[in-house]
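Below you'll find the structure, written out as structure tokens, and then a few comments.
As the structure is a prediction and not an experimental result, all values here were calculated from the model. Values below: all heavy atoms of this structure, side chains included; hydrogens, waters and symmetry mates excluded. If you read the sequence from its start, that first residue is 1, and numbering goes on from there. As the structure lists them, so they are numbered: ligands from 1, and atoms in each ligand from 1.
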Amino acid sequence: MTKPLVAGNWKMHGNIEQASSLASQLAANWNDLQAVEMVVFPPFVHLSTVKEALANSAVALGAQNISQHEGGAYTGEISGAMLVEQGCQYVLVGHSERRELFGENNVTVAEKFKAAQKVGLVPILCVGESLQERRQGQTLAVVSSQISAVIDCVGLRNVSRAVIAYEPVWAIGTGEVASPQQAQQVHSAIRTQLGNIGADTRLLYGGSVKSSSAVELFAQPDINGGLVGGASLEAHEFLNIVKLAE
Ligand code: 13P
């Protein structure tokens, strides 16, 4: 059985004190939730503080972004090796906010994915359609092409070793969560695209996940956990969501 994974993407929220307090609360409670893997994605500058707060717990640490380059004159960028040094095990790749607001395309995303695996980080590849694409009936085509771009770059086996998060853009930060049926339909198509090799690949749903919506989402056969934004900033609510993935 695939161990469920619940990830908290803190985005560009909070200060050091809040990051430390949130991580400490998760670390104090992880023991009761060992059937689920928990990982948090603080801003880069809070990584070391959060790492300290998570010490002696099994809550994993991840970064929200990674450079596709190994090192060099790339002002403002952070390499995979630097993230490993900070204690990261996971990294988000291709989040829709990076694609939409910072011009990342399928090619950049695939290069970042490759850079992550090269240093031993587990990429969480984020994919998802816009509202317009959904209305035009393109959801499955868009998601499949986002995944194909990465398969073309690193191969199917490497993609199946990672985590894929389906995050419909229209559900992110809007309070409008995909229905369990809508999410399952896309997850099932992703599973099919990965073939036999992807039978155990963890597929997460993200987009306005709350404890109230998590039960039904996590009950879907191809949903193996969640990528949580806003609701991951509150320890009690995030822990409730983690509990529901058990
Ligand atoms: P929300 O849970 O705030 O909608 O954010 C989802 C997300 O983007 C996680 O990566």
Rounded distance (nearest 0.5 Å) linking atom CD1 of I172 with atom OG of S130: 11.0 Å
Side chains of [Y] and [X]: any donor to acceptor distance under 3.5 Å?
| X | Y | value |
| --- | --- | --- |
| D222 | Q184 | yes |
| H46 | Q18 | no |
| Q132 | W170 | no |
| K112 | N65 | yes |

Pairs under 3.5 Å, N/O atoms on ligand 1 and on the protein: can you put them in a table with the distances?
residue: ligand 1; atom: 2 (O); partner: S208; partner atom: N; Å: 3.4
residue: ligand 1; atom: 2 (O); partner: G229; partner atom: N; Å: 2.9
residue: ligand 1; atom: 3 (O); partner: G230; partner atom: N; Å: 2.8
residue: ligand 1; atom: 4 (O); partner: G173; partner atom: N; Å: 2.6
residue: ligand 1; atom: 4 (O); partner: S208; partner atom: N; Å: 2.8
residue: ligand 1; atom: 5 (O); partner: K11; partner atom: NZ; Å: 3.3
residue: ligand 1; atom: 8 (O); partner: K11; partner atom: NZ; Å: 2.8
residue: ligand 1; atom: 8 (O); partner: H95; partner atom: NE2; Å: 2.8
residue: ligand 1; atom: 10 (O); partner: N9; partner atom: ND2; Å: 3.0
residue: ligand 1; atom: 10 (O); partner: H95; partner atom: NE2; Å: 2.9
residue: ligand 1; atom: 10 (O); partner: E167; partner atom: OE1; Å: 3.2
residue: ligand 1; atom: 10 (O); partner: E167; partner atom: OE2; Å: 3.0

Under the salt bridge (charged side-chain N to carboxylate O under 4.0 Å, His left out) test, residues paired with E97 that sit two or more places apart: K11
